[in-house]
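Below is one structure, written out as C-alpha cells; the observations come after it.
Predicted model, so just to flag it, every value in this text is computed and none were measured.
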Amino acid sequence: MATDLSTIRNIGISAHIDSGKTTLTERILFYTNRIHRIAEVRGKDGVGATMDHMELEKERGITITSAATHTEWNNHHINIIDTPGHVDFTIEVERSLRVLDGAVLILCGVAGVQSQSMTVDRQMKRYKVPRIAFINKLDRAGANPKRVVEGLRDKLKHNAVLMQLPIGLENEFAGVVDLVKMKAYRFEGENGEHIVEEEIPADMQAEAEAAREEMLDAVSMFSDELMEAILEENVSEDQIHAATRNGVLSLDLTPVYLGSAYKNKGVQKLLDAVTAYLPSPMDVENTGVDLSNDDAPIEISSDPQKPLVALAFKLEDGRYGQLTYVRVYQGTLTKGMNIFNARTKKKHKVGRLVRMHSNDMEDIESSTGGDIVALFGIDCASGDTFTDGTVDVAMSAMHVPDPVISLSIKPTEQKGQTNMSKAIGRFVREDPTFRAEADPESGETIISGMGELHLEVYVERMKREYDVIVETGAPQVAYRETISQRTDFSYTHKKQTGGSGQFGKVAGYVEPTTDGTDFEFVSEVRGGAIPTEYIPSVEKGFRSMMPKGRLIGFPVIGMKIVVNDGKSHSVDSSDNAFQATARGAFREFYGRAKPIILEPVMTLSVEGPTEFQGAVIKTIMQRRGTVIGTTEDDGFCQIEADVPLAEMFGYATDLRSVTQGKAEFTMEFAKYSPAAGDVSAELKEKYRDQVQVEDDD
C-alpha cells in the first residue's frame, strides 16, 4: 500500500456510450503491467475486456456496472473506475464520481461532444471533480480534434486547451506532438508499447509553435511565475506542469490529450497527465456531517492517524458473497478491526479486506485515507458511512434520480418465487435507482428503473444468476397528478358514535407550487382556532393523500396547502379527528382545483448519418416529440428532441429500421409536463374502469 498520499490518484473514466472507455482502460492496464494480453470489448474469442466481467457485458459489448481496479504508473498508485456510458445506468456514474478525486472525460474524435458527454459533465460538476479530456478514435474516418475542442468550449463551456497535436489523422494517424516538451512521439511495437521520441516533423513546426503559444497563453493564467517566464522567454517544463495542475484543480482548465486506444496510440502520455495534473486525496476537500451536533458540516481529512471515516459506495453480490466497495476518507481501515455503521449503529468486524481488480481481488492487511478497497460479509446499504466508533459522522449521500418506468413481473413457475425475491432483494440493495414493490391492489410485483434497457438487464440477470424466468407486463410510465388553479376550502368533519365523537374543521386555500416543490404545508392559523398540537395532524392528513391522486391513482406533486382557520371541540377533537378532517378537505377541494395529469418527458438525442435526418425527425414527430435543435457536421447529424416517455417503447427497433442500423440514441428524464388531452382522457377512462372492477369485486 502506498502510504504517501500525494502519489495516490482515484480516477474515473467517463464518456458517452461507445466512446472507448473500456478499451482505454484495457490499454492502461496493459501498459502498467496489470494484464499481459489485450482483450477487446467485443472480442471474437468471447473473452471480452477485463473490466467487463459480467457475461451480459461481454455479449452486448457495453459496460453495465462500474468496475474498479488499481495499478501503478510513474511510482503513483492509481485506483480506476470504468463507468457505463448508457444513461440507464447513470447511478453507476453518480456513485463513482461521488468517491473519485479526478476523472478522464473521453470524447469520440468523430462525433465530439455527444448527449451523454453532457450528462457526465453535469455529474462531474455536481461533485466538483477536476478532469482532463482525451479525444479518442483519431484513426477513424472523419476524425477532427480541433472541432471536438470547439465543442468542449461551446457546448460544455470548458476552458479546453490542446496539450498535443496529432501527427496525421484517420488512417494516417501516427502519433502526437507534445507541446510542453516540443517533441514528437510515435508508439511502435505490436501493442504500441515502445514509445519513440523524435524531433517534430518539419512540416508541422510552425503549427506546433503556434499551438504551444496558445497553450502557454491559457495555462499562464494560473501562475504568475509562468507569466513572467514567458515574458523573459525562459519557460521551464516544471512551470508549465505546475500552472496546468493549478488550473485543473481549480476546475478552471481542461487539458486535452489525443490518441486512439484501439490502435494503441497516445495512452501512455495520457497516464503521464493523470499523475501530473489530477488531484491526490490531499488536494481535495471532503466534508461530512456531525451527527452528534445537529448535522453540522465537518471537514474530513486524509490523515491516517485520525478516526476512521469510510463510505460504502457500491454493493455487489459476487461469487464470495456480498462485496462492499468503500472509499476510505480518513483514518486507517485494518483487517480484524471493528467498524460501526453510522446509519444503523450496528457493529461489524472486518474479516477480509481486499483490493479489487475487476472481479479478481488481492487480500491486504490495511488501507488508509484516500484509498478505495472492498470488504466482505458486511450487511449495509449503498451510501452508508462506517467509522471506528469514536466519532458520529456521516458522509453526504450521492444524488439518486427517481425511476421513470415500471414493469409488473411474475415467475413462470411457482417454485421460482423464492429465487425471484432473493434476486430483487439483492438488486435493490446494490442499485438505488432500481425499486421493487408489491402492488397492494393486484398483488403483482412491480419493478421500476431508469429505462427499458435498465429493467431488461435485471430481468435477464434473474434468469442467468437465479435461474428464474419471469413474465413481464406492459411497461408502466410514472405519471403524476397536480392541480392547476388556486382554490379555497372550508371543511367540517363530524362523526358521532356511541361515546365521544370526532370533530374538526379546517379552512384555507390550495395552489400550485411555483418552485418545483412536491408538497408544501403552511399554517397561518391565529388565535387558537385550531389548537397548536393538532396542526401536525392536519399536515399529516393532507400528506397521506399525496401518494394516490383521485384522477388516475398516481402520486400528486406541486401542491401548496395553506390553512388559515378552523374549529375544534374540547371533547370530540383529537389527532385522528383532524387527520380525518384534512383527508375529507382534500377529497372535497381536489376536483375543484382543476387537477391535471403530468407525464414524464425525456430528452432524446439521436446521432447518425445526415442522409437519414428526415426519416429520424419523422419517427420523433410520430411519437409526439418536439425537435429542439439539429446540428450537422461532415455528413453526421445530431437531433435533440423532447418526447413523452410513454411513446418511446420499442423506439430502438424503429430507429434501426429507418437508418439501416446506422444511428444510435440516448434519452434521459427531462421534466414532467401536462399530458395531451386525448392521453389524459384515455388514462382517466382506464382508471375509472379499473376502480369500477375493484368496486364490483
F434 and Y458: aromatic ring centres closer than 6.0 Å?
->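 For F434 and Y458, the ring centres are under 6.0 Å apart.
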Non-neighbouring partners of K463 that pass side chain to side chain contact (heavy atoms under 4.5 Å, CB included), sequence neighbours left out |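 Partners of K463 by the side chain to side chain contact (heavy atoms under 4.5 Å, CB included) criterion, ordered by chain and then number, come out as E460, I469.
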With sequence neighbours left out, write down each residue that passes side chain to side chain contact (heavy atoms under 4.5 Å, CB included) with K686, or none if nothing qualifies.
->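 Partners of K686 by the side chain to side chain contact (heavy atoms under 4.5 Å, CB included) criterion come out as none, since no residue qualifies.
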Check [Y] with [X], please: is the shortest side-chain N to carboxylate O separation under 4.0 Å?
X: R486; Y: D488; answer: yes
X: R624; Y: E599; answer: yes
X: K505; Y: D565; answer: no

Is there side-chain contact between F519 and I557, with at least one heavy-atom pair below 4.5 Å?
->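 In short, these two side chains do not touch, never coming nearer than 4.5 Å.
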Does a donor on one side chain and an acceptor on the other come within less than 3.5 Å for S448 and S406?
-> yes
When you measure from the centre of the six-membered ring of Y590, is the NZ or CZ of R592 under 6.0 Å away and within 45° of the axis?
->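 Verdict for Y590: no cation-pi partner in R592.
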Test side-chain contact (heavy atoms from CB on, under 4.5 Å) applied to F521 and V538, step by step = CA-CA 9 Å; F521 176 81; V538 176; 4.0 Å; yes
Locate the shortest heavy-atom distance separating [X] from [Y]; write the atom from each residue and the value.
X: M420; Y: P411; answer: SD-CD, 3.6 Å
X: K125; Y: L156; answer: NZ-O, 3.1 Å
X: E640; Y: S605; answer: OE2-OG, 3.4 Å

Quick one: CD on Q485 to NZ on K594, what's the gap to the nearest 0.5 Å?
->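 Answer for the CD-NZ pair, Q485 versus K594, is 4.5 Å.
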To the nearest 0.5 Å, tell me how far L598 CG sits from T482 OG1.
->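 Reported value, rounded in 0.5 Å steps: 5.5 Å.
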After noting the C-alpha distance and the side-chain angles of D290 and S292, does the key distance pass the side-chain hydrogen bond (donor to acceptor under 3.5 Å, both in side chains) rule?
-> CA-CA 5 Å; D290 188 347; S292 60; 2.6 Å; yes
Side-chain (T603) to main-chain (A670) donor-acceptor, under 3.5 angstrom =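 Looks like no, no N/O pair under 3.5 Å.
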Can you check whether S574's main-chain N or O pairs, donor with acceptor, with Q502's side chain at less than 3.5 Å?
-> no
Using the six-membered ring wherever Trp is involved, compare the ring planes of F542 and F589 and label them parallel, tilted or perpendicular (cut-offs 30° and 60°).
-> tilted
Residues which pass ring-ring contact (aromatic ring centres under 6.0 Å, His included) with F340, listed by chain and number, not counting sequence neighbours |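 F340: no ring-ring contact (aromatic ring centres under 6.0 Å, His included) contacts found.
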